[in-house]
Amino acid sequence: MADKIILEVARYSPERDAKPSFQSYEVPVYKEWVVLDALNYIKDQVDGSLTYRWSCRMGICGSCGMMVNGEPKLTCATFLSSYAHNGSKVRVEPLRYFPVVRDLVTELSDFLVKLTKVKPWLIRHDEPPLTQGEFLQTPDQLDRYKQFSMCINCTLCYAACPVVGLDPVFVGPAAIALAQRYNMDSRDQGTEERTAVLAHPEGIWGCTFVGECTRVCPKHVDPAGAIQQYKLKAALDWVKSFVMPGEHKSKDVRSEAAND
Amino acid sequence: MEASSHDVLLVGGGGAGLRAAIAAAEVNLKLSIAVVSKVYPMRSHTVSAEGGAAGVAKSDDSLDEHCYDTISGGDWLCDQDAVEAFVKEAPQELLQLERWGCPWSREPDGHIAVRAFGGMKKRRTWFAADKTGFHMLHTLFQTTLKYPPITRYDEWFVTKLLVDDGRVQGVVAIELMSGKIRAITAKAVILCTGGCGRVFPFTTNANIKNGDGMALAYRAGAPLKDMEFVQYHPTGLPFTGILITEAARAEGGYMLNKDGYRYLQDYNLGTPQPKPVLRSMELGPRDRLSQAFVKEDQKGRTIQTPYGPIVHLDLRHLGEKLINAKLPFVRELCQKYQNIDPVRELIPVRPVVHYMMGGVSTDIDGATPLAGLYAAGEVACVSINGANRLGSNSLPECLVFGARAGRAAAAYAATQQVPDGKVFAQANDERRRLETQFLFRTGGHERIATIREEMQKTVETSAGIYREHASLAKATHQLRELQRRFGDISLDDHSRTFNTELESALELGFMLDVAESIVQCALHRTESRGAHQRTDYPARDDNKFLAHSIVSRNFDGSSRVEYLPVKITRWAPGERVYGETSKEQSKSTPIRQAV
Ligand SMILES: Cc1cc2nc3c(=O)[nH]c(=O)nc-3n(C[C@H](O)[C@H](O)[C@H](O)COP(=O)(O)OP(=O)(O)OC[C@H]3O[C@@H](n4cnc5c(N)ncnc54)[C@H](O)[C@@H]3O)c2cc1C
Ligand code: SF4
Ligand code: FES
């Protein structure tokens with residue numbers, strides 16, 4: 001194992017630069033170091049102006065996503081040593097398809113707007129008083145949406161999705177998975193409200209099933225699966241609206257899922 | 001200077017801050033509420049909490065028993081009125097979170113499931129697998145999105161509280177994205193900035209946990225309480241400090257020394273049984289387990305590694321199925337960060353700084369002695385945690401006291417006028433300070449990281465698991481010297497846009513104040529209690545120290561420590577007993593029955 005490695009880091013400051021450039025730093029490689037440790041080493045010891053986000057260093061806060069050798073990665077969960085063999089250079093860039101604020105920091109406000117748009121909260125028509133206790137939910141019912149509730153909002157899936165690259169209005173994988181997290185929750189009654197956003201060219205119909213989102217997701221959320229489920233359901237509703245004109249359009253994704 | 005104004009302003013968007021924001025909005029949907037956070041709220045460190053949240057839920061349990069476990073666990077330094085309010089409201093708050101969609105783990109019949117937790121005599125810890133904090137935080141965050149009165153200031157860093165006329169009237173904050181320095185005024189401010197683990201070198205706490213709120217309050221004239229009580233968690237992964245949740249022991253994990261021996265039996269923590277026994281052995285309280293580690297190390301029975309001595313946590317006998325069902329995150333963390341699989345291998349662990357029992361002194365509604373200023377969550381000291389927090393009490397603490405502070409601040413705000421121009425002069429002074437001392441600063445000789453590391457080492461050697469007069473006195477001088485050197489830092493980054501070096505410098509400034517308050521409180525408390533163990537004063541001294549340390553800043557910048565008696569309602573101070581004998585002790589009924 002090499003004990004030194006070159007990190008080529010994308011640098012960009014809107015106050016100074018017309019466009020991004022790369023700067024190389026030599027950093028030591030220790031067995032337990034992740035890419036983020038190397039960035040921290042640079043910031044602490046070499047160049048305090050290097051700019052990136054991080055917080056938990058345990059793969060749960062979702063802030064340290066970057067392109068590492070062209071792949072979207074959580075830098076706190078990516079060992080440096082896994083790059084130490086081939087030519088000993090690692091390229092670190094901001095996540096693709098997002099506007100860059102500075103160096104490795106991307107602009108996230110659009111992502112937050114998209115998340116909010118799908119109404120990611122439990123929607124109920126009734127609000128029984130707390131004294132009536134919890135809504136019952138069996139472990140099986142929990143399992144149905146559990147996977148979609150694991151999203152840490154790291155946006156790696158956006159950086160992996162060619163549709164996001166082509167069409168910035170596409171709400172994107174994580175937002176759709178989050179919508180589906182609530183749609184599939186046996187306690188929720190908001191599927192119809194969410195359909196208004198999702199069954200739309202900017203929603204699920206934007207997706208062309210490349211499946212890259214699911215491949216890069218560090219939390220196994222499977223956004224592609226969520227989109228697939230939703231498309232099937234929406235297509236079915238659309239067909240049904242012709243076959244049974246009296247039937248209300250979008251009932252409940254959940255009740256159908258429960259039957260399958 | 002650009003400015004904006006709100007009724008209630010939250011500094012912090014973790015569990016406590018978001019709960020407080022919703023509570024304030026529910027008092028009056030016409031209020032304008034601001035959540036100012038240096039990271040996007042769902043990045044807050046609540047996200048990393050694993051094990052669970054305590055609240056009496058089952059018929060074999062009672063509120064009094066949760067009170068007793070909390071108070072005895074806290075070595076009788078808890079304010080019992082606060083504990084009673086906490087224990088009573090915790091189940092309602094956890095249930096409220098269920099109503100907002102939190103994916104709590106369930107019994108087969110669909111009811112909430114509860115698990116055992118260290119120091120708790122009954123099963124009462126609600127959990128969402130082993131990502132409880134993550135699910136709670138995302139549920140809260142997503143729920144806030146439906147409340148129009150809540151305005152978010154994401155990635156805004158608060159540098160100062162604006163105080164005029166004896167009351168807090170807002171904050172000065174840097175918008176990281178643009179670098180703009182702005183005043184945000186408010187009729188009431190609630191600090192929900194979390195803990196300060198980064199004052200120590202080896203911690204489970206995220207990079208953002210720098211005690212900002214404690215220093216903000218302290219500088220503004222609000223005292224801090226019980227700062228000497230710092231919790232070490234007995235099971236952190238070496239090097240990273242990543243926490244292996246106590247749930248791993250609650251499910252039946254063993255602690256083994258280098259000979260594969262369950263060493264806790266040598267430290268008055270009971271006799272080993274194959275299955276976990278509540279309040280015994282591996283399920284003893286955190287302070288006692290961490291102290292046992294140090295003793296075991298002194299006996300030469302730990303294993304030496306490049307990252308210090310370690311012992312082992314053994315989960316192998318639990319089997320893959322249980323580990324996957326109940327402890328999936330533990331397995332994921334071990335595999336991803338330590339490159340071992342707990343299904344087949346022993347997990348190396350050592351004690352790691354985890355939680356701050358002390359904090360901004362508040363009453364049971366989160367109010368500080370400074371008008372207009374409230375605090376809740378880990379930044380605050382109410383106090384329900386006393387000398388040692390029980391695992392799974394602090395997530396519900398964020399909810400109960402977040403909600404209380406939110407309601408109290410909303411009520412207070414209704415009685416106040418919009419802050420007037422005087423605070424803007426102050427805000428301008430703060431802007432000038434930030435620009436001249438940091439942003440436009442040239443020259444200087446000290447690197448931030450150097451001072452930070454020296455501070456961390458100083459605090460660890462003097463105020464670690466065991467303490468004594470000489471090293472604390474020495475640390476007092478060392479910290480003063482570090483404060484001086486902090487005045488001579490050199491900065492590489494002079495741009496406005498997303499200046500994280502500026503942020504680190506300001507955080508270091510906060511941490512130096514917090515470090516001083518920890519060392520001063522530890523120096524003055526000449527007894528041993530809970531997490532505060534003095535080798536030169538090994539006994540608990542109820543005559544002198546059944547009292548909270550209150551540390552305030554003098555005009556000359558030095559600090560003074562005073563004492564405030566603990567509030568006792570129904571449980572007379574007793575001895576903390578764990579292991580078999582605890583069965584006798586735990587019957588210990590209240591001295592007076594509840595009314
Ligand atoms: C690894 C780990 C596991 C844990 N597990 C458990 C558990 O199982 N059960 C349990 O009960 N407890 C647990 N705890 C403790 C518990 O998680 C914390 O005490 C609690 O989450 C703190 O929440 P908070 O809202 O007070 O602060 P945080 O969640 O830390 O939030 C602080 C907020 O303040 C903001 N902020 C800070 N400074 C500034 C500033 N200067 N300007 C603007 N914003 C600022 C931050 O951006 C953030 O939004 C655990 C802790 C850790 C570290
Ligand atoms: S779905 Fe996966 S990749 Fe996308 S934001 Fe969520 S956790 Fe990240
Ligand atoms: S730093 Fe939190 S996910 Fe990497």
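Chain A is the first sequence line, chain B the second, and so forth, proteins listed ahead of strands; every chain is numbered from 1. The model shown is predicted, which means the values in this text are computed figures rather than measured ones.
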Can you tell whether the side chains of B/Arg198 and B/Glu507 come within less than 4.0 Å, N to carboxylate O?
no

Quick check on B/Leu95 against chain A: is it the side chain, the backbone, both or neither that has a heavy atom closer than 4.5 Å?
both

A/Leu142 versus chain B, the contacting section by heavy-atom distance below 4.5 Å:
side chain

Heaviest contributor of heavy-atom pairs below 4.5 Å to chain A, chosen from B/Arg152, B/Met177, B/His45, is B/Met177

Side chain / backbone / both / neither for B/Arg447 at chain A, heavy atoms under 4.5 Å:
side chain

Measure B/Glu155 against the heavy atoms of chain A and call it side chain, backbone, both or neither at under 4.5 Å.
side chain

So what's closer than 4.5 Å to chain A heavy atoms on B/Glu50: side chain, backbone, both or neither?
side chain

Of the backbone (N, CA, C, O) and the side chain (C-beta and beyond), which part of B/Arg496 lies under 4.5 Å from a heavy atom of chain A, both, or neither?
both

Quick one: does A/Asn69's side chain have a donor or acceptor within less than 3.5 Å of a partner on A/Val92's backbone?
no

Pair count under 4.5 Å, heavy atoms only, with chain A: among B/Ala113, B/Gly241, B/Cys102, highest is B/Cys102

Contact leader toward chain A among B/Thr497, B/Leu491, B/Asp154, where contacts are heavy-atom pairs under 4.5 Å:
B/Thr497

Could you walk me through whether A/Asp37 and A/Leu80 pass the side chain to side chain contact (heavy atoms under 4.5 Å, CB included) test, one step at a time?
CA-CA 9 Å; A/Asp37 291 319; A/Leu80 198 57; over 6 Å; no

Per-residue contact mode, B/Phe134 against chain A (heavy atom under 4.5 angstrom)
side chain

Quiz question: by atom type and distance under 3.5 Å, do the side chains of A/Ser109 and A/Glu107 form a donor-acceptor pair?
yes

Assign the ring pair A/Trp33 / A/Tyr41 to parallel, tilted or perpendicular, where the plane angle (0 to 90°) is split at 30° and 60°.
tilted

With a cut-off of 6.0 Å (strictly less than), are more than 12 heavy atoms of other residues, nucleotides or ligands near NZ of B/Lys146?
yes

Part of A/Arg57 lying under 4.5 Å from any heavy atom of chain B:
both

Is the shortest side-chain heavy-atom distance between B/Ser37 and B/Arg43 below 4.5 Å?
no

Heavy atoms only, distances under 4.5 angstrom: which of B/Ser48, B/Ala206, B/Ala449, B/Gly101 has the most pairs with chain A? Name it, please.
B/Gly101

Looking at B/Lys180, I'd like to know if its NZ atom is crowded, meaning that more than 12 non-hydrogen atoms belonging to other residues, nucleotides or ligands lie closer than 6.0 Å.
no

Has B/Arg350 got its NZ or CZ under 6.0 Å from the middle of the six-membered ring of B/Phe202, at an angle within 45 degrees of the ring axis?
yes

Verify, without hydrogens or angle tests, whether B/Thr235 (side chain) and B/Ile244 (backbone) share a donor-acceptor contact under 3.5 angstrom.
yes

Could you go through A/Arg181 and A/Leu178, starting from their C-alpha distance and side-chain angles, then the distance that decides it, and tell me whether this counts as side chain to side chain contact (heavy atoms under 4.5 Å, CB included)?
CA-CA 5 Å; A/Arg181 173 248 172 278; A/Leu178 187 58; 4.1 Å; yes

Distance under 6.0 Å and angle within 45° of the ring axis: does A/Arg53 meet both against B/Tyr40?
no

Is it the case that the side chains of A/Asp222 and A/Thr214 hold a donor-acceptor pair, with the cut-off being a distance below 3.5 Å and no angle test?
yes

Taking side chain as everything from C-beta outward and backbone as N, CA, C, O, which of these in B/Ile448 sits under 4.5 Å from a heavy atom of chain A? Side chain, backbone, both or neither.
neither

Geometric cation-pi criterion B/Arg115 and B/Phe127, 6.0 Å radius, 45° cone
yes

Against chain B, label A/Val101 side chain, backbone, both or neither, depending on which of its atoms sit under 4.5 Å from a heavy atom there.
both

For chain B, which of A/Trp54, A/Trp121, A/Phe79 has the most heavy-atom pairs under 4.5 Å?
A/Trp121

Main-chain N/O of A/Ser149 paired to A/Lys219 side chain as donor or acceptor, under 3.5 Å
no

Just so I understand: if I count every heavy-atom pair under 4.5 Å between each of B/Leu94, B/Ile112, B/Thr139, B/Thr143 and chain A, which residue has the most?
B/Ile112

Could you look at B/Lys209 and say if it's the side chain, the backbone, both or neither that has a heavy atom under 4.5 Å from chain A?
neither

Report yes or no: do B/Glu175 and B/Tyr153 form a side-chain donor-acceptor pair below 3.5 Å?
no

Heavy-atom proximity to chain B below 4.5 Å, by part of A/Cys76:
both

Heavy-atom proximity to chain B below 4.5 Å, by part of A/Tyr52
backbone

Checking A/Asp185 against A/Gln137: is there a side-chain donor and acceptor pair closer than 3.5 Å?
yes

Highest number of heavy-atom pairs under 4.5 Å with chain B: which of A/Arg124, A/Lys43, A/Glu134?
A/Glu134

Measuring heavy-atom distances to chain B, does A/Asn40 have an atom under 4.5 Å in its side chain, in its backbone, in both, or in neither?
neither

Among the options B/Ile242, B/Leu145, B/Val39, pick out the one with the most heavy-atom pairs lying under 4.5 Å from chain A.
B/Leu145

Proximal component of B/Phe239, with respect to chain A [non-hydrogen, under 4.5 Å]:
side chain

Which of A/Val105, A/Thr138, A/Leu130 touches chain B most, by non-hydrogen pairs under 4.5 Å
A/Leu130

Between A/Tyr145 and A/Ser186, a side-chain donor and acceptor under 3.5 Å:
no

Considering only heavy atoms, give the residues of residues 111-120 of chain A separated from chain B by less than 4.5 Å, sorted numerically, with 'none' for an empty result.
A/Leu112, A/Thr116, A/Pro120

